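Accompanying notes for the structure given below.
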Amino acid sequence: MKKSHPLRRIVLAGAATVSGIVLLLTLKPSSDPAAASAEGTPQGQQSVAPQGSGGVQAGNGGDQTLTGDVVKTDYGNVQVRITMSGGKITSAAAIEAPSGGRSTEVSTNSVPKLNQAAIQTGSADIDAVSGATYTSGGYKKSLQSALDKAGSSSATGGGTGGTSGGGSADASGSTGGSTGGGSTQAKTLTGTAVETDYGTVQVRITVAGGKITKAEAVKSPSGGRSSQISGDAVPKLNQAAVAAGSADIDAVSGATYTSGGYKESLQSALDQAGG
C-alpha cells in the first residue's frame with residue numbers, strides 16, 4: 001500500500017485518536033473534587049473559635065482591689081485587703097494579722113469570721129470576735145481605710161458606681177445618682193486634729209448636696225484599753241454624724257473624751273464646708 005493512500009491516512013488518524021484517549025485516562029486525578037471539599041469543611045470550622053469562648057471579661061466598671069492601712073495593735077499588725085465590684089465588697093482578706101504563740105490561734109479563729117462579716121455587711125460596722133478584741137479593732141480600722149480609698153476614688157471619678165462603698169458612716173444609696181456633677185458634687189473635708197487626754201481625734205467627712213454622706217475618724221486614741229474604746233465608739237459616732245448632718249450628736253457611753261474630740265473635729269470640718 002502506498003504511503004499516500006487515503007486508507008492508510010485514516011488508519012493512522014484513528015490510532016492517534018485512541019492513543020490520545022488512553023493518555024487522558026491515565027492522567028485523570030485520583031482524588032474526587034467532592035471528597036476534597038468535604039474534607040476542607042471541618043478544618044475551616046476548627047480554625048474559628050466560638051464567640052464568647054475567650055474567658056471571663058471584665059464588666060463595665062471592673063473589679064477594684066484596695067489595701068487598707070497597717071494598724072498596729074498590742075499583739076501585732078493588722079492589714080486588710082478587699083475587692084469591690086459594683087459598689088459592694090466581694091472579697092475580704094487580712095494580709096497581716098498577729099501571729100506567734102497564742103496570737104496565731106486567735107488570728108486563725110477570728111480572721112475568717114471578720115472577713116465574712118465584712119462581705120455580709122459591706123462596711124466596717126462589724127462586731128468584734130469574742131476573744132479577739134484587739135485583732136477585731138485593728139481589722140475594722142484597716143477595713144475602713146480601704147473603704148475610704150474606694151470612696152475617694154468614686155468621688156473623683158464620678159462614673160456609674162452608685163454607692164461609693166463607704167463603711168458604717170456612709171449614707172449608702174442616698175447620693176448614688178450623682179452622675180451629673182453640678183451642685184451635688186461631693187466634697188471631702190478634714191477637720192482639725194483635736195488632742196484629748198487619751199490621744200488625738202481627727203474627723204474626715206464627705207458632703208454632697210449640703211448633707212454629710214460619709215464620716216470617718218482618720219485618727220482616734222489607740223493602744224491598750226483605748227483601742228477597744230475607739231473600736232466601739234468611732235463607728236457609732238460616724239453613723240450619728242451622717243444621721244444628724246451636724247456635730248450635734250450624743251457622746252458614746254464610756255467614750256466621753258473620744259466623743260468630745262470627735263464632735264470638735266467634726267464641727268471644724270463642717271465649718272470648712274460653710275455648714
Side-chain angles (χ1 to χ4, degrees), residues 66 68-69 82 84 86-89 117-128 137 139-158 161-179 183-194 201-221 229-256 258-275:
L66 305 153
D69 298 335
I82 59 173
M84 299 193 70
K88 296 181 179 180
I89 300 174
I119 295 172
Q120 289 178 345
T121 63
S123 73
D125 186 16
I126 56 180
D127 294 332
Y139 187 101
K140 292 167 69 174
K141 284 186 178 181
S142 185
L143 172 58
Q144 184 61 60
S145 69
L147 288 167
D148 292 340
K149 295 175 183 177
S152 61
S153 174
S154 176
T156 57
T163 59
S164 63
S168 61
D170 183 6
S172 59
S174 63
T175 59
S178 60
T179 57
S183 61
T184 60
Q185 185 175 6
K187 294 190 296 182
T188 300
L189 306 159
T190 303
T192 58
V194 178
V201 180
Q202 189 172 26
V203 178
R204 178 184 295 153
I205 60 173
T206 299
V207 178
K211 296 181 180 180
I212 299 175
T213 58
K214 185 178 180 182
E216 58 174 324
V218 293
K219 287 185 181 181
S220 61
I229 292 174
S230 294
D232 174 67
V234 168
K236 296 177 182 178
L237 293 166
N238 291 338
Q239 189 65 37
V242 173
S246 71
D248 185 17
I249 56 178
D250 294 332
V252 175
S253 178
T256 305
T258 299
S259 299
Y262 186 102
K263 293 169 67 175
E264 188 176 340
S265 183
L266 172 59
Q267 185 61 60
S268 71
L270 288 167
D271 292 341
Q272 296 175 42

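Everything numeric in this text was worked out from a predicted model, so none of it was measured. Values below: all heavy atoms of this structure, side chains included; hydrogens, waters and symmetry mates excluded. Quick note: residue numbers are just sequence positions, from 1.
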Hey, is the main chain of [Y] close enough, under 3.5 Å, to the side chain of [X] for a donor-acceptor pair?
X      : Y      : answer
Gln202 : Ser265 : no
Thr206 : Lys214 : no
Lys140 : Ile126 : yes

Determine whether Ile89 and Leu147 satisfy the following criterion, side-chain contact (heavy atoms from CB on, under 4.5 Å), listing intermediate values before the conclusion.
CA-CA 9 Å; Ile89 300 174; Leu147 288 167; 3.9 Å; yes

Can you see which heavy atom on [X] is nearest to which on [Y], and at what distance?
X      : Y      : answer
Gly254 : Ile229 : O-CG2, 3.8 Å
Ala215 : Ile212 : CB-CG2, 4.5 Å
Ser259 : Val252 : OG-N, 2.9 Å
Val207 : Leu189 : CG2-CD1, 4.2 Å
Ala255 : Ala233 : CB-CB, 3.6 Å
Gly191 : Gln272 : CA-NE2, 4.0 Å

Taking atom [atom1] of [X] and atom [atom2] of [Y], what is their separation to the nearest 0.5 Å?
X      : Y      : atom1 : atom2 : value
Ile205 : Asn238 : CD1   : CG    : 11.5 Å
Lys263 : Asp250 : NZ    : CG    : 7.0 Å
Lys219 : Arg204 : NZ    : CZ    : 10.5 Å

Ser145: side-chain hydrogen bond (donor to acceptor under 3.5 Å, both in side chains) partners, not counting sequence neighbours
none

side-chain hydrogen bond (donor to acceptor under 3.5 Å, both in side chains) against Thr121, all qualifying residues, sequence neighbours excluded:
none

Please identify each residue that fulfils side chain to side chain contact (heavy atoms under 4.5 Å, CB included) with Ala247, with sequence neighbours left out.
Leu266, Gln267, Leu270

Assess the residue pair Asp69 and Lys149 against the criterion (side-chain contact (heavy atoms from CB on, under 4.5 Å)); give the C-alpha distance rounded to whole Å, side-chain angles, the decisive distance to 0.1 Å, and a yes or no.
CA-CA 10 Å; Asp69 298 335; Lys149 295 175 183 177; 3.9 Å; yes

